[in-house]
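Written below as structure tokens is the structure these notes are about.
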Amino acid sequence: GKTFGISLFAWVAVKLRIASMPSGTGWRQVIGVSAIAGIGFTVALFITALAFTDPILANEAKTGVFFGSIVAGLLGAAILMTGGHSPLVGVSGRKATATDD
């Protein structure tokens with residue numbers, strides 16, 4: 001849900017000219033970072049502790065939270081790594097060299 005929500009509201013903000021895309025950034029990066037945003041699990045674990053009194057259900061919920069965080073991280077990394085954009089190519093389109101600052 002976070003991937004869809006963050007990406008959608010970023011798109012709406014750009015279309016309404018409330019925000020602008022950072023230079024050299026594309027929608028693939030926005031979607032990849034949105035997927036990575038799903039990693040946060042501290043609040044989910046806190047809510048799980050409050051919601052379930054049965055230890056078996058609490059452990060299953062915690063396992064689901066951790067699994068979801070792992071999937072979010074892997075999905076975000078896969079999206080960002082398969083973008084075809086080399087981190088060695090700057091905004092100008094030329095390859096960076098060791099002497100560039």
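The analysis underlying the following values was restricted to heavy atoms, covering all of them including side chains, and did not include hydrogens, waters or symmetry mates.
For F9, there are no side chain to side chain contact (heavy atoms under 4.5 Å, CB included) partners two or more places apart in sequence or in a different chain. With sequence neighbours excluded, the residues forming a side chain to side chain contact (heavy atoms under 4.5 Å, CB included) with A13 are I18, A19, listed by chain and number. Legend: residues meeting side chain to side chain contact (heavy atoms under 4.5 Å, CB included) with L74, ordered by chain and number and at least two apart, are I70.
Pairs engaging residues 1-13 under the side chain to side chain donor-acceptor pair (under 3.5 Å) rule: S7-S34 [sequence neighbours left out]. Listed by first then second residue, pairs satisfying side chain to side chain donor-acceptor pair (under 3.5 Å) with a partner in residues 36-64 number zero, not counting sequence neighbours.
In this structure, I31 CD1 and I6 CD1 are separated by 11.5 Å, a value rounded to the nearest 0.5 Å.
Considering every non-hydrogen atom in both L80 and I36, the closest pair reads CD1-CD1, 3.7 Å. Scanning both residues, A72 and I39, for their nearest heavy atoms gives CB-N, 4.0 Å.
More than 12 non-hydrogen atoms from other residues, nucleotides or ligands lie less than 6.0 angstrom from CG of L50.
Under the 4.5 Å side-chain heavy-atom criterion for grouping Ile, Leu, Val, Met, Phe, Trp and Tyr, M21 is connected to V12 within one hydrophobic cluster. Hydrophobic cluster membership differs between F67 and L45, with clusters built from Ile, Leu, Val, Met, Phe, Trp and Tyr side chains linked at under 4.5 angstrom.
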**OP:** Start with the C-alpha gap between V14 and V30, add the side-chain angles, then the distance that decides, and say whether side chain to side chain contact (heavy atoms under 4.5 Å, CB included) holds.
**Re:** CA-CA 12 Å; V14 169; V30 172; over 6 Å; no
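Other members of the cluster containing F52 are L57, with ILVMFWY side chains joined at under 4.5 Å, either directly or via other members.
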